[in-house]
Amino acid sequence: MAKMNLQEKLAVLSDAAKYDASCASSGTTRRNSAGGKGLGSTEGSGICHAYTPDGRCISLLKILMTNFCIYDCAYCINRVSSQVQRARFTVEEVVHLTTEFYRRNYIEGLFLSSGIIKSPDDTMADMVRIARELREVHHFRGYIHLKTIPDAAPELIEQAGLLADRLSMNMELPTDAGLRTYAPEKNAEEIRRAMGRVHERKLAARDQTHSGRRGAKFAPAGQSTQLIVGADGANDATILQSSTRLYSSYKLKRVYYSAFSPIPDSTAALPLIKPPLVREHRLYQADWLMRFYGYEATEIASATTGGMLDLTVDPKLAWALANRQVFPVDVNRAGKEMLLRVPGFGTKSVARILSARRNGALGYGDLTRIGALVNKAKPFITTRDWSPGSMTDAENLRARFAPKPEQLSLL
Amino acid sequence: MIYAPRLPRLGVFDVWRDAARALASNDVAADSVNWAMEEACDTLFGQGAALPAARAMTVPKEFIPLAKLVCASRATGAHDLLYRVLLRCRNTPHLLNNRADPQVQQLTALAKHVRRDMHKMKAFVRFREVTPQGSNRRQFLSWFEPDHRIEELIAGFFVRRFADMDWVIVTPEVTTRFDCGTLSHEALASDRMALSDDTEDLWRTYYANTFNPARLKIKAMQSEMPKKYWKNLPEADLIPDMIAQAEARVLQMQQTAPTVPPLRAARILGRLPARPEQARGQKPD
């Protein structure tokens, strides 16, 4: 086979990496290179430098170091049994692409992942070398996200955490049984143990040393994982339960949900489906409710049908429709927790309501100016000049919010 | 008496603040002030009356960052609205926290548009390399068309990020230069520049391949990357074909029968250490 040039390798290794949903570049330490040495900065919020027609943002150069892999995960384009074209970047090539893309303001940094070659340790060591070259030789101060390989030696994960902003390990399937079936070489227990070690190492980095100094920052933007939705039979309640466990036990920054998406050269073990994009969206909404709105996974599950989230209305509205006895809420008296449960009120609207109502009782028009979605909220609230009357308990309330039926496309 | 402060294209916030302080500290009503940019100078009011001497006054601390943003706005009446809110802030110290107030809501909406414009400039400026032979610093050039007058507000971001290279960002009205560590702005009318460099081919390759044709969401893309930016983005002319071919690519993936694993697959899997606790191919519980 003829030797591939850089452009050909980039085509193969970015195509192979795109099934990872994460592209976050926010929430790390603030750094810059204003002193004239080094390249890059991070300033809190991430930046999306482009969007592709799939609606996903491009913030990081998301590539695999290599798509050669010795594992055989059924959902994965890079599994050993796939006939997909293989390629491998050198350390210099990844460094070149990252710094040259960065200088042209195409990206915020690098998200480096890899197939497993030879052994987990060999693969992890090569990825750490790339991160080290960027940080120590090129003084790169942009964002680095490294995929960590659960079975890799702790020393390598230690080095990865000191060089990278974020570490991630993908669970991929929401249940251990699903993982055994479709990713037989992966081990759920091993992944959780590795997440636990990263979490403990992060905590240790926060402690002061005996001299009173803080230790070096370890993965300052935290760790994340991804769950594939719709490949195995796990329902939404099970998936949200898995997420709760990951958030609470390992303090993950994010759990990403990725609708199982057709891949070239699929396996007979896992037939291709139309990616369940609406379901994925509802899971993200439910995830948000758990992290920012004070909902428990069990509460969200209580408003599902057979453990599956309602696809026509969002999970917050579904919960409100199933729990109408607690509504309407008085916007001028209710506490923050209750205001956060009103459909149409986001965290920002709630903060503005709490601040604005000190200046006097709020009316319907005030809520519009504040930025709340009043049309959605109105059956569930009372204000100075608004009361929903019988609307809250009306039988056709759900129909008000459900979208009109439309013709489905073939795919 | 009518006052008509004139605001320059560069340093607009400083001039607005000095004039507003002189007027507000002397209780000049908003209806007696006609704010305008220098270039739009009309003859109706001319320069207006000379500004009175400023007296001491204080403003809520949230007002200053808000004012810096609103001063950059091109929206009609932005500077006037800012002055009206400043006058009201003197008697209502917590006015800015009341988002239900119509003027505060308008003002924060103006600031939000400017902030979004700044964010999009951080995202969509594309540098092209123009380093001459023999130069010891690399040089980059960009053309960008912001909606508002944000060049001075945004320059710090590029300085903090790209201090080891020289760069120039040209907009229709202002040229920002960063040369050997020194930043400068010049109010200079410029025409659109069509720029490109070699690395763009790699970037376009990346853009095309990171796209997943099975997840077409064109509206989501356009709400974040509106078409007005496309003409200056090297990757954007790929979009129409990517969209047009998406459905056929997915169909092909679904219709292609699973292939036979390559010979090496069995060999490699056979070499992996067995995991006794998990039998291969077991059905989910």
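Chain letters run A, B, ... following the sequence lines, proteins first, then strands; residues in each count from 1.
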Discussion item. Out of the candidates Arg103(A), Lys37(A), Arg141(A), only one should pair with Asp164(B) under the salt bridge (Lys or Arg N to Asp or Glu O under 4.0 Å) rule; please name it.
Written reply: Arg103(A)

Worksheet entry | Ile70(A) versus chain B, the contacting section by heavy-atom distance below 4.5 Å | both

Discussion item. Would you say that Glu108(A) contacts Arg161(B) through its side chain, given a criterion of any heavy-atom pair below 4.5 Å between the two side chains?
Written reply: yes

Practice prompt. Name the region of Glu224(B), side chain, backbone, both or neither, that has any atom closer than 4.5 Å to a heavy atom of chain A.
Written response: both

Worksheet, complete the sentence: Honestly, the part of Tyr102(A) sitting under 4.5 Å from a heavy atom of chain B is both

Item to complete: Can you tell which part of Leu39(A) gets under 4.5 Å to a heavy atom of chain B, answering side chain, backbone, both or neither?
Response: both

Worksheet entry | Nearest heavy-atom neighbours spanning Ala50(A) and Tyr207(B) | CB-CE1, 4.2 Å

Worksheet item: Hey, are Arg104(A) and Glu129(B) close enough for a salt bridge, meaning a charged N less than 4.0 Å from a carboxylate O?
Response: yes

Worksheet item: Would you say His119(B) and Ile47(A) make side-chain contact, with heavy atoms under 4.5 Å?
Response: yes

Fill in: Residue pair Gln7(A) / Thr205(B), side-chain donor-acceptor N/O under 3.5 Å
yes

Worksheet entry | Which atoms of Ile107(A) approach chain B - backbone, side chain, both or neither, heavy atom under 4.5 Å | both

Worksheet entry | Minimum side-chain heavy-atom gap Asn32(A)-Phe157(B) below 4.5 Å | no

Worksheet item: Can you name the closest pair of heavy atoms from Leu272(B) and Glu185(A) and give their distance?
Response: CD1-CG, 3.4 Å

Fill in: Atom of Tyr206(B), atom of Phe101(A) and distance for their closest heavy-atom approach
CB-CE2, 4.1 Å

Discussion item. Taking every non-hydrogen pair under 4.5 Å, which of Pro102(B), Ala220(B), Ala236(B) racks up the most with chain A?
Written reply: Pro102(B)

Worksheet item: So which of Glu43(A), Glu8(A), His139(A) has the largest heavy-atom pair count under 4.5 angstrom toward chain B?
Response: Glu43(A)

Fill in: Part of Pro275(A) lying under 4.5 Å from any heavy atom of chain B
side chain

Worksheet item: Charged N to carboxylate O below 4.0 Å: is that the case for Glu280(A) and Arg215(B)?
Response: yes

Worksheet item: Does the side chain of Asn97(B) pick up a donor-acceptor pair with the side chain of Ser355(A) at under 3.5 Å?
Response: no

Worksheet entry | Minimum-distance pair of heavy atoms, taken over all atoms of Ala163(B) and Ser33(A) | CB-O, 3.1 Å

Worksheet entry | Nearest non-hydrogen partners of Lys122(B) and Asn105(A), listed with the distance | O-ND2, 2.9 Å

